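Because the structure is predicted, anything quoted here is derived from the model rather than measured. One-based numbering along the sequence shown.
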Amino acid sequence: MRCLSDGQITDTPIAQCAGYVLLQPDDVAMYQNFDNELFIEVSGLILLSFFSGHAAGRLVRWLGKA
């Protein structure tokens, strides 16, 4: 990664860059590689917990009216 500041590209550390951070092709490739199986598993667990919580809330509400 490089820093673009005041119209010049420098090797300033990212934390100290006062301008824009420029990504090189190998940096972009590194960030594009993520674990699809892990993403699908986590998304499924989040959806399952959402629907389970929603159903439990409905049940508690229904039991409270009885």
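The stretch residues 12-54 participates, sequence neighbours left out, in these disulfide (SG to SG under 2.5 Å) pairs: C3-C17. The salt bridge (charged side-chain N to carboxylate O under 4.0 Å, His left out) pairs that include a residue from residues 45-56 number zero, where partners must be two or more places apart or lie in different chains. The salt bridge (charged side-chain N to carboxylate O under 4.0 Å, His left out) pairs that include a residue from residues 6-30 are R2-D11, where partners are two or more places apart or lie in different chains. Note on residues 29-38: no pairs pass salt bridge (charged side-chain N to carboxylate O under 4.0 Å, His left out), not counting sequence neighbours. Among pairs with a residue in residues 39-49, none fulfils salt bridge (charged side-chain N to carboxylate O under 4.0 Å, His left out), at least two apart in sequence or across chains.
Partners of L59 under the side-chain contact (heavy atoms from CB on, under 4.5 Å) rule, at least two apart in sequence or in another chain, are W62, L63. Applying the side chain to side chain donor-acceptor pair (under 3.5 Å) rule to S5 yields no partners; only residues at least two apart in sequence or on another chain are considered.
If you chain together ILVMFWY residues whose side-chain heavy atoms come under 4.5 Å of each other, I46 ends up grouped with L38, V42. In the hydrophobic clustering, F50 connects to L47, F51, either directly or through intervening members, whenever side-chain heavy atoms lie under 4.5 Å apart. Counting side-chain heavy-atom gaps under 4.5 Å among Ile, Leu, Val, Met, Phe, Trp and Tyr, L45 is found in no cluster with other residues. Hydrophobic clustering, defined by side-chain heavy atoms of Ile, Leu, Val, Met, Phe, Trp and Tyr closer than 4.5 Å, groups I14 together with M1, V21, L23, V28, M30, Y31.
Around CD of Q8, the count of heavy atoms belonging to other residues, nucleotides or ligands within 6.0 Å does not exceed 12.
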